[in-house]
Amino acid sequence: MFQSAGYRKSFTILPAPFLSALFITAVGAFAIYNASQDFWLLNYRLQDLLPIRRPVGMIFIVTGCALALRSLHIRHGMARTMVTILASVLALLVAWVGVSALLRYFFGIDTGLEYLFAKMGWMENSWIKQAPLTAFGFTLVGAGLLLLDYRTSGGHYPAEYVAFTLIGVMGIPLIGHLYNVMTVDVADAARAMLPFISVTFLILALGMLSARPTHRLMKLWNSTSPGGPILRRLLPNSLLLLVFLDFAIKWGVRNHFYDQDKASPLLILLSGTVLFIMFCRTAALLNREYEDRQIGEAALAESNALLRAVSDNTPDAIFVKDRNGRMIFANPAKLRLLGKEREEVIGLRSEELYLDKKDAERVIAEDRSVIESGEARIFETTTKYVHGVRTMHSTKAPWLDANGQLMGLVGISTDITERKRMEDALKAHETQLEALVAARTMEVSELIGHLETTREEEKRAIARELHDDLGAALTALNMHLSLIFQQMPAEPKFTERSVKIKALLSSITDATRRIQNGLRPDKLDVFGIKIAIAEQAAEFEKYTGVVCNVNLPDDQLAYAAHVDIALFRIVQEALNNIAKHAKATHVDVVLDDTDDEIVLTVRDNGIGIPQTRPNNMVTHGLRGMRERVAYLGGTVRVGGAEGKGTTIVITIPKTVQNLGEASDAAMGESR
């Protein structure tokens with residue numbers, strides 16, 4: 001089957017009738033051209049070999065055009081209508097020519113055909129008087145082309161019977177020429193029917209039959225079921241064998257192997273024997289195919305029984321729909337889900353099966369997406385059924401036939417209503433747990449913050465007491481000792497003793513000051529966080545010998561007191577960790593103040609984080625940093641690798657609570 005290249009589905013051309021139409025048209029064109037020329041072939045004049053007159057050639061051309069148009073299968077309405085009308089007009093013209101010639105031959109009635117040919121300059125109209133079979137053939141061809149698509153109420157196609165009649169009529173003079181016997185009533189008419197014209201009409205009849213391969217008789221001939229191959233095999237073989245036997249019997253008579261009166265019984269005997277053998281072989285083939293079909297049907301029945309058992313006993317709903325969305329199969333689970341019997345479901349669409357219109361529209365959209373895409377898809381939907389609202393997990397896949405043509409879709413639905421209810425309950429419980437954990441975490445964070453604040457207040461009180469009481473006592477003691485040392489004799493033993501006492505007193509004073517600064521640095525309360533960090537870095541560099549660079553903002557910083565002490569303690573803890581573990585030679589302390597955040601970075605060039613340390617292992621110092629920063633709503637990031645140092649980045653948001661003294665006062669009142 002050929003198809004148009006521009007638009008693949010616009011029309012199709014059946015090759016067999018189209019080739020037949022080309023042959024008929026070529027015969028007509030050759031007849032018209034040959035009538036006006038004087039061609040010779042091997043000392044024979046072509047006009048004598050093929051004496052086809054120009055009117056017959058013209059009618060053959062019209063017939064070929066009509067058959068060619070009938071071999072086109074056009075799918076668009078307007079073009080199909082125009083082609084059908086044109087083909088019908090040409091077929092009607094052929095039938096009119098045949099009927100006119102027959103009326104002129106048998107009854108002498110002139111319908112204007114001779115006048116038409118005379119106007120065309122073709123006075124060669126003697127074929128009308130000499131070839132009634134040709135005219136009858138054109139009548140049958142025109143009628144067959146006109147009735148090519150007509151179907152009776154009994155399912156028969158008259159065009160097929162017209163074509164077989166044409167084969168029979170044209171076979172009579174052909175066989176007469178082969179056997180040199182004229183069996184028709186009018187001998188002159190039979191002799192006027194040339195074998196070539198008979199063959200041309202036979203090709204026409206075959207073209208008409210092949211133009212509609214889906215009609216009743218041609219469908220049987222083209223069938224792939226056992227009847228079709230047997231018919232295609234048996235009929236030609238039988239005809240060939242009968243012709244061969246006929247020629248063999250006549251040859252035996254001519255060579256005097258037996259008398260003429262024995263030819264007919266011998267032909268019947270041999271023909272019957274051959275046909276008997278052929279029919280026996282055909283019966284054996286039918287029996288073999290029938291046995292194979294029985295075996296296949298038994299296997300199919302077993303497979304269907306297995307599929308039916310699986311389909312009927314599975315709790316999942318299984319269904320099959322055609323391309324138009326009609327239900328053609330539903331297992332008991334699907335029927336129970338719909339609350340209907342099988343007879344109430346088969347052949348219905350989704351809008352007729354579902355209670356809610358929106359559910360039906362959603363199912364139709366799902367089915368359409370599967371059919372258009374040609375791929376299996378999964379859907380999880382909640383649908384209202386007779387027995388309540390159910391949540392279904394459905395898998396829908398295209399249904400293809402043996403040739404890969406899309407027939408519809410197959411679906412399997414699993415009821416997951418209880419599972420979804422349990423999942424929803426679990427999610428609700430998880431949400432409650434998350435809220436409870438968040439509340440407890442907030443309470444713990446507030447408690448940690450309160451403990452840190454209390455501890456800082458206690459450290460401040462201890463530092464104040466050390467400064468006020470112990471510091472004053474040490475100062476007074478130093479003054480008294482100075483008076484005593486002045487009154488003591490200038491003896492070496494007293495001088496040496498006084499130097500040791502002064503050194504010890506100075507050491508106690510320095511230790512007291514160092515403890516006091518460790519508990520609560522005076523510069524933090526007096527000068528702010530920038531001076532406190534710089535002083536802490538200077539002390540770190542003094543006691544450890546590690547170079548410590550400090551990078552601080554130029555602007556004046558105004559943070560809440562608890563933020564200042566948190567930043568100071570973080571720097572203090574980070575430097576202590578570096579002194580104990582990092583083995584660094586250089587440390588950078590960077591404090592950045594952006595529009596929205598406070599960023600503190602402490603970076604060293606030490607040994608870094610060892611690879612042997614577990615990822616989830618956190619030191620107490622880092623844990624304390626995280627707790628302090630989490631209380632302030634910030635984050636802590638620790639980075640670095642072994643041999644490449646460690647970087648700690650503290651980010652604290654600038655909230656109302658973290659800025660200004662008013663927040664501290666408010667927090668103090670809340671405490």
Checklist entry - Stepwise, does the side-chain contact (heavy atoms from CB on, under 4.5 Å) test hold for F138 with L133? => result CA-CA 9 Å; F138 284 130; L133 285 182; over 6 Å; no
Next on the checklist: Could you walk me through whether M208 and L145 satisfy the side-chain contact (heavy atoms from CB on, under 4.5 Å) test, starting with their C-alpha distance in whole Å, then the side-chain angles of each, then the deciding distance to 0.1 Å, before giving a yes or no?
Outcome noted: CA-CA 7 Å; M208 292 170 54; L145 292 175; 4.0 Å; yes
Checklist entry - Can F379 and S369 be said to form a side-chain contact (heavy atoms from CB on, under 4.5 Å), step by step? => result CA-CA 11 Å; F379 305 95; S369 66; 3.8 Å; yes
Item to check | Evaluation steps, side-chain contact (heavy atoms from CB on, under 4.5 Å), between Q405 and L400 | outcome: CA-CA 5 Å; Q405 297 294 325; L400 306 177; over 6 Å; no
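Under a 3.5 Å cut-off, the side chain of D401 and the backbone N or O of N403 do form a donor-acceptor pair. Side-chain atoms of S413 never come within 3.5 Å of backbone atoms of M392 as a donor-acceptor pair (strictly under, hydrogens ignored). In terms of modelled atom types and a separation under 3.5 Å, the side chain of N331 and the main chain of I318 share a donor-acceptor contact. Side-chain atoms of S88 come within 3.5 Å of backbone N or O of T84 as a donor-acceptor pair. When atom types are taken as modelled, the side chain of T314 and the backbone of S311 share no donor-acceptor pair closer than 3.5 angstrom. At least one donor-acceptor pair under 3.5 Å links the side chain of E352 to the backbone N or O of R349. Not a single donor-acceptor pair under 3.5 Å links the side chain of D367 to the backbone N or O of G408. With hydrogens and angles disregarded, a donor-acceptor distance shorter than 3.5 Å links the side chain of T139 to the backbone of A135. A donor-acceptor pair under 3.5 Å is formed between the side chain of E344 and the backbone N or O of E341. No side-chain donor-acceptor contact under 3.5 Å links S350 to the backbone of V363.
Shown here for A91 and A66, the closest heavy-atom pair between the two residues is N-CB, 4.2 Å. Closest non-hydrogen pair, A21 versus A68, comes out as CB-N, 3.5 Å. Closest approach of V94 to G142, counting heavy atoms only: CG1-N, 4.0 Å. The minimum heavy-atom distance between S71 and F18, with the atom names listed, is OG-CD1, 3.7 Å. Closest heavy-atom contact between L204 and T63: CD2-CG2, 3.5 Å. Here the closest heavy-atom approach between residue A330 and residue I346 is recorded as N-CD1, 4.4 Å.
Surrounding CD of E302 are at most 12 heavy atoms belonging to other residues, nucleotides or ligands under 6.0 Å away. In the displayed structure, R323 atom CZ is contacted under 6.0 Å by at most 12 heavy atoms of other residues, nucleotides or ligands.
Contact check for L353 versus K340: side-chain heavy atoms found under the 4.5 Å cut-off. W399 places none of its side-chain heavy atoms less than 4.5 Å from the side chain of L406. For the pair L67/S20, a side-chain contact is recorded, criterion being any heavy-atom separation below 4.5 Å from C-beta on. The shortest distance between side-chain heavy atoms of F319 and V410 does not fall below 4.5 Å. L409 has its side chain out of reach of P398: every pair of non-hydrogen atoms, C-beta onward, lies at least 4.5 Å apart. Looking at E361 and E351, their side chains never come closer than 4.5 Å, going by heavy atoms from C-beta outward. Within the 4.5 Å cutoff, side-chain heavy atoms of W96 are placed close to those of L93. In this structure, the side chains of L270 and F244 stay at 4.5 Å or more apart for every pair of heavy atoms.
Remark: D149 pairs with R70, R212 by the salt bridge (Lys or Arg N to Asp or Glu O under 4.0 Å) rule, at least two apart or across chains.
At a cut-off of 3.5 Å, with distance as the only test, a side-chain donor of T383 or R362 sits close to an acceptor on the other residue.
The pair E366-K396 meets the salt-bridge criterion, since a charged nitrogen lies less than 4.0 angstrom from a carboxylate oxygen.
Applying the side chain to side chain contact (heavy atoms under 4.5 Å, CB included) test between L166 and each of V141, L202, L206, L209 identifies V141 as the sole match.
To the nearest 0.5 Å, atoms CG (L19) and CD1 (I203) are separated by 11.0 Å. One distance of note links CG of D316 with CG of L337; it measures 11.0 Å at 0.5 Å rounding. Taken from CG in L241 to CD1 in I277, the straight-line distance is 9.5 Å, to the nearest 0.5 Å. Note: L348 CG to K321 NZ = 11.0 Å, rounded to the nearest 0.5 Å. The line from CD1 of I197 to OG1 of T134 is 5.0 Å long, rounded to the nearest 0.5 Å. A distance of 14.5 Å separates CZ of F329 from CG of D322, quoted to the nearest 0.5 Å.
Under the 30°/60° scheme for interplanar angles, the aromatic rings of Y161 and H156 are found to be tilted.
Separation of the F23 and F60 ring centroids does not fall under the 6.0 Å cut-off.
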